[in-house]
Amino acid sequence: MTESILFRSVEIEGRVTNLRVEGGVIVAIGDDLPATDAEIIEGEGGALIPGLHDHHVHLLAMAARKSGVDLDPMRDATSVDRALGAAAISVDGDGWLRVTGYDEHHHGELSGARLDALAPRTKIRIQHRSGLAWFLSGAGLDAVGAETSGSTLFEQDTNGSLTGWLHRGDAWLATRVPQVAPSLAPVSRELASFGITGVTDATVEPGAGRLEILRSAVLSGDLVQELTILGAESAAELDGWAHLGPYKLLVDDVLGLDPDGLAQRITSVHAMGRAVAIHAVSRSETVTAVTALMLAGVREGDRIEHGSVLPADLDR
């Protein structure tokens with residue numbers, strides 16, 4: 001039997017009516033459609049629209065955020081301290097407490113002394129709301145060997161001591177902190193509730209481990225959305241379980257701006273028949289991205305991501 005669905009009392013092009021689908025194809029729209037052998041979905045006057053596609057998400061970060069402590073709703077330092085202290089109690093000796101959404105304007109200054117007073121033996125990593133930096137507790141710094149790592153990503157004070165801040169160090173941190181595969185099912189359900197049937201994961205260089213987590217989620221049905229990935233090197237790496245999107249490139253004020261070098265990378269990506277998606281947030285990063293695109297030439301599908309500051313004089 002052909003699968004039939006009757007959407008009843010849904011808004012289509014400004015009026016409330018019914019719509020029938022058979023085998024995934026719309027076969028009829030009208031007020032008096034038969035409900036025979038059909039699953040009935042009551043629209044209650046809501047709009048019936050095509051599935052939406054979110055073109056910029058970080059699925060694993062979204063899942064991890066749900067399983068850790070999210071500071072975003074908290075408006076003051078007292079609430080943060082209370083939440084961290086309570087969450088630290090449930091962390092076992094080998095585990096980490098993962099915290100996201102830190103905002104210095106609301107949550108107060110982070111310090112090793114502050115975290116040690118709350119949970120002196122707990123390994124805590126707190127992500128800045130920008131996603132560009134982590135703060136590690138004293139136990140966390142010890143666990144990753146920060147003092148002896150030689151990494152230049154760790155911030156130091158005027159005395160040469162580590163402040164706890166790790167800047168642009170996601171890839172480095174991933175090699176030192178055990179990777180736990182978060183369930184993507186809750187994220188997928190939430191996206192579906194918004195009408196999102198397709199997503200593009202925009203993570204830079206996700207690596208084999210993260211790609212395997214995404215692949216498993218797709219094949220198991222935990223992730224029901226159609227998936228496009230920017231960070232994969234080639235379509236062969238995805239083997240049909242996801243689509244290959246533009247190649248993700250990162251422009252970063254802190255790491256240094258090099259329009260000529262970026263243009264060379266764009267040219268090499270274009271030579272593989274692929275567009276680029278360039279992460280650029282600040283004015284200087286945007287200028288660098290636009291300059292590089294002018295030097296390399298633009299391919300259909302090239303884009304600048306985020307664009308928090310898009311100077312009008314660059315629109316040429």
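Side-chain atoms are counted along with the backbone in the values below, which use heavy atoms only and exclude waters and symmetry mates.
For Arg129 and Asp72, the salt-bridge test fails: no basic side-chain N is under 4.0 Å from an acidic carboxylate O. Remark: Arg20 engages Glu22 in a salt bridge, criterion side-chain N to carboxylate O under 4.0 Å. Comment: Lys248 engages Glu305 in a salt bridge, judged by a side-chain N to carboxylate O separation of less than 4.0 angstrom. Ion pairing between a basic and an acidic side chain is recognised when a charged N comes within 4.0 Å of a carboxylate O; Arg215 and Asp239 show no such pairing. A salt bridge between Arg8 and Glu44 is absent, with no side-chain N of the basic residue lying under 4.0 Å from a carboxylate O of the acidic one.
Exactly one of Val69, Leu115, Leu136 qualifies for a side-chain contact (heavy atoms from CB on, under 4.5 Å) with Ile126. That residue is Leu115.
Side-chain N or O atoms of Arg274 include one that pairs as donor or acceptor with a backbone N or O of Gly245 at under 3.5 Å. Between the side chain of Thr288 and the backbone N or O of Ser284, at least one donor-acceptor pair lies under 3.5 Å. Put simply, the side chain of Ser188 gets close to the backbone of Val224: a donor and an acceptor are under 3.5 Å apart.
Across Asp260 and Leu295, no two heavy atoms sit closer than the pair OD1-CD1, 3.5 Å. In this structure, Ala296 and Ala263 approach most closely via the heavy-atom pair CB-O, 3.6 Å. Of all heavy-atom pairs spanning Leu153 and Arg168, the tightest one is CD1-O, 4.0 Å. Heavy-atom minimum distance, Phe194 versus Leu52: O-CD1, 3.8 Å.
The closest side-chain heavy-atom distance from Met74 to Tyr102 is not below 4.5 Å.
Residue Val91 is grouped with residue Leu84 when hydrophobic side chains (ILVMFWY) are merged at heavy-atom distances under 4.5 angstrom, including chains of intermediate members. The hydrophobic clustering, which links ILVMFWY residues whose side-chain heavy atoms are closer than 4.5 Å, places Ile278 and Val269 together.
Pairs engaging residues 216-233 under the salt bridge (Lys or Arg N to Asp or Glu O under 4.0 Å) rule: none recorded [sequence neighbours left out].
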- request: Run the numbers on His105 and His107 for ring-ring contact (aromatic ring centres under 6.0 Å, His included), then give the verdict.
  value: CA-CA 6 Å; His105 301 294; His107 303 148; 10.0 Å; no

Trace of the salt bridge (charged side-chain N to carboxylate O under 4.0 Å, His left out) decision for Asp81 with Arg114: CA-CA 9 Å; Asp81 289 352; Arg114 178 181 176 185; 2.9 Å; yes

message: Applying side-chain contact (heavy atoms from CB on, under 4.5 Å) to Trp96 and Thr122, what does each step give before you reach the verdict?
response: CA-CA 7 Å; Trp96 281 80; Thr122 303; over 6 Å; no

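In terms of the side-chain hydrogen bond (donor to acceptor under 3.5 Å, both in side chains) criterion, His55 has no residue partners (sequence neighbours excluded).
The CZ atom of Phe7 lies 12.5 Å from the CG atom of Leu33; values are rounded to the nearest 0.5 Å.
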